[in-house]
Amino acid sequence: MSTIYVDLDNYLIDEKLIKLVPESLVRRYQLMPLFKIDDTLTLAMADPNNIFALDEVRLKTGCEVEAVVSTDIQVKTAINRYYGVKGSIKDIIEGFVEEASKPSGVKEAPAIKLLNLIMGQAIRDGASDIHLEPDEHSLRTRYRIDGLLHEVSSIPKDLQSAIISRVKVMGNMDISETRTPQDGRSQIKMEDKDIELRISSFPTIYGENLVLRILDQTAASKGLEDMGFSPKTLKNYKIIIRRPHGIILITGPTGSGKTTTLYASLNAINSPEKNIITIEDPVEYRLNLIRQTQINPKANITFASAIRSILRQDPDVIMVGEIRDLETAETAIRAASTGHLVFSTLHTNDAPGALTRLMDMGVEPYLTSSSVAGVLAQRLVRTICPKCKESYQPEEQAVKDLGLTRTKDLVFYRGKGCKNCWQTGYKGRTALFEFLVVTDPIRDLILQRASSRMIKDVARKTQGMKTLWKDGIDKILKGITTIDEINKATFGDES
């Protein structure tokens, strides 16, 4: 028997082979069809000496069969990727239908199996959220992967109540209350990962809608080098975050990865010699050596009131989840002006817009100019799937729209779409960055109440600030992402 080893993580499998070998055989014997040459089918197996498996595949397919070696984990991952979760869900649902005439208690077992399967598949696929959405005749399941929702399955209405109750029990929520929204949390270990779930329920006309936010605790250890910074921007940002005092703002819309960047920044400067305290809403990840607090308006713990209390805790660094109002802004500025380094976020479209936003809130220009050290704007874009990545020659107009000149060496990339990326051509995300350092010329403009456009123009001329758009073009040229993604993230604004 062959002892050739195949790395399935870097192998693209033909869709025709998936249809050739039944899923029941693949899952029973933990094998994966790789390729077919003439009448010989090659399989990847953790145990290539399983003659019973080879004989049954030979009978079912009518092909001669050869086996190569892969790891058990890679085989399981490939099966789940190419055969997906729908087949397993169907098996469980069929089992439930067969038991339908038995006492109602039997619904609990398939509901638990089905929920575990849905969560496990979501984690394997890198989903950030699981949506369980009641319709008139079914319970629809969708995953949010790389920012987009994908429908996974439609579950019979008879299982809806059991599944929703199971999720609410996991989240320590009131299962008897179905008419008001609830929030819950749960910690589980799945796929060898420690996962925290944030659970939200919301009543609809067809039952409670549930969203499970998946928080992989390994994400809390992400470094700044993993975020997608250009070398120059990363170097400048690292210099600023090591300042002893001042405010560093991270800005962008909801879902642009601001919290991840905040945590990576704190990890970069964290040490036993520093006292770092955060106030967040909510606390998403646990960080070593860092004291973390969640706001609680009922207990009078708001961003502003918490900062005042934190200042009595002898902090070196303070992280404020978001500056939402004038009181929080002024309190954060007061902390920065008394010798503390403060990190926070704002919702603005670009880095210069954060400075004018503070003034719009009512912060005096002299306070903004003296306290803000730097502003980092960011957006998330999907990255091209490495399994189906291909090069192509862009159209002339597309090249002109990017402000580039067509040359023989100008090559763009895109994904064709495959099982690995849900046929989207994208797998994973990276960030675009625009980093503004508040230098003397920028301070002068703030004191003059200059517009964000003027601040941006000066920043580009005096410090070579790379805009979100320019950072996106660089990532297109490096084959990281596509024109469509950059246009969506930056609205095609090259300014």
Side-chain angles (χ1 to χ4, degrees), residues 222-244 246-252 256-258 260-270 341 343-346 348-355 372-384 402-405 407 409-413 428-446 452-483 485-487 489-490 492-495:
K222 212 169 185 180
L224 290 173
E225 291 77 10
D226 305 319
M227 306 296 294
F229 284 99
S230 67
K232 179 182 176 182
T233 301
L234 179 60
K235 178 182 177 181
N236 292 337
Y237 185 67
K238 282 185 172 181
I239 291 172
I240 291 295
I241 65 174
R242 285 176 170 80
R243 289 182 53 159
I247 296 179
I248 297 168
L249 296 172
I250 299 176
T251 183
S256 61
K258 297 188 298 296
T260 303
T261 302
L262 278 175
Y263 285 157
S265 303
L266 294 181
N267 283 331
I269 62 173
N270 191 13
L341 184 63
F343 289 87
S344 192
T345 69
L346 274 175
T348 61
N349 289 329
D350 58 12
L355 302 174
V372 179
V375 184
L376 182 73
Q378 66 180 73
R379 297 284 190 283
L380 289 180
V381 293
R382 293 181 294 171
T383 54
I384 300 170
L402 295 177
L404 302 174
T405 302
T407 64
D409 298 330
L410 184 62
V411 179
F412 287 6
Y413 295 86
R429 289 193 287 180
T430 190
L432 308 181
F433 291 107
E434 174 180 292
F435 185 47
L436 169 67
V437 180
V438 180
T439 56
D440 286 340
I442 303 300
R443 292 189 185 94
D444 291 340
L445 291 174
I446 295 172
S452 60
R453 168 72 67 177
M454 291 179 64
I455 295 173
K456 176 177 282 192
D457 288 343
V458 171
R460 291 168 69 178
K461 292 173 183 176
T462 63
Q463 59 187 254
M465 184 186 76
K466 182 187 291 186
T467 63
L468 291 165
W469 169 261
K470 293 297 185 185
D471 194 31
I473 292 176
D474 285 350
K475 287 180 168 65
I476 292 172
L477 297 176
K478 291 177 181 177
I480 296 172
T481 189
T482 64
I483 296 173
E485 282 296 292
I486 300 307
N487 283 334
T490 64
D493 180 13
E494 72 275 15
S495 61

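Computed over heavy atoms, backbone and side chain alike; hydrogens, waters and symmetry mates excluded. These numbers come from a predicted model, not from an experiment.
- Taking Asn270 as the reference, Ile276, Leu289, Ile290 meet the side chain to side chain contact (heavy atoms under 4.5 Å, CB included) condition, with sequence neighbours excluded.
- Residues meeting the side chain to side chain donor-acceptor pair (under 3.5 Å) test with Thr383, sequence neighbours left out: none.
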Start with the C-alpha gap between Lys475 and Asp471, add the side-chain angles, then the distance that decides, and say whether salt bridge (charged side-chain N to carboxylate O under 4.0 Å, His left out) holds. CA-CA 6 Å; Lys475 287 180 168 65; Asp471 194 31; 3.1 Å; yes
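- The backbone N or O of Leu380 lies less than 3.5 Å from no partner atom in the side chain of Arg429, so there is not a single donor-acceptor pair.
- With sequence neighbours excluded, no residue forms a side chain to side chain donor-acceptor pair (under 3.5 Å) with Ser344.
- The side chain to side chain donor-acceptor pair (under 3.5 Å) test applied to Thr348 returns Thr251, not counting sequence neighbours.
- Counting heavy atoms from C-beta on, the side chains of Ile241 and Phe343 come closer than 4.5 Å.
- Using a 4.5 Å cut-off on side-chain heavy atoms (C-beta onward), Ile486 and Leu432 make contact.
- With sequence neighbours left out, Asp444 forms a salt bridge (Lys or Arg N to Asp or Glu O under 4.0 Å) with no residue at all.
- Thr462 meets the side chain to side chain contact (heavy atoms under 4.5 Å, CB included) test with Val458; sequence neighbours excluded.
- Partners of Lys238 according to the salt bridge (Lys or Arg N to Asp or Glu O under 4.0 Å) rule, which considers only residues two or more places apart in sequence or in another chain, are Glu225.
- In terms of the ring pair (Phe, Tyr, Trp, His ring centres under 6.0 Å) criterion, residue partners of Tyr237 (sequence neighbours excluded) are, by chain and number, Phe229, Phe435.
- Taking Thr233 as the reference, Ser230 meet the side chain to side chain donor-acceptor pair (under 3.5 Å) condition, with sequence neighbours excluded.
- Counting all heavy atoms, side chain and backbone alike, Ala373 lies closest to Ile248 at CB-CG1, 4.5 Å.
- Applying the salt bridge (Lys or Arg N to Asp or Glu O under 4.0 Å) rule to Arg382 yields the partners Glu485; only residues at least two apart in sequence or on another chain are considered.
- In this view, Arg443 and Asp440 satisfy the salt bridge (Lys or Arg N to Asp or Glu O under 4.0 Å) rule, not counting sequence neighbours.
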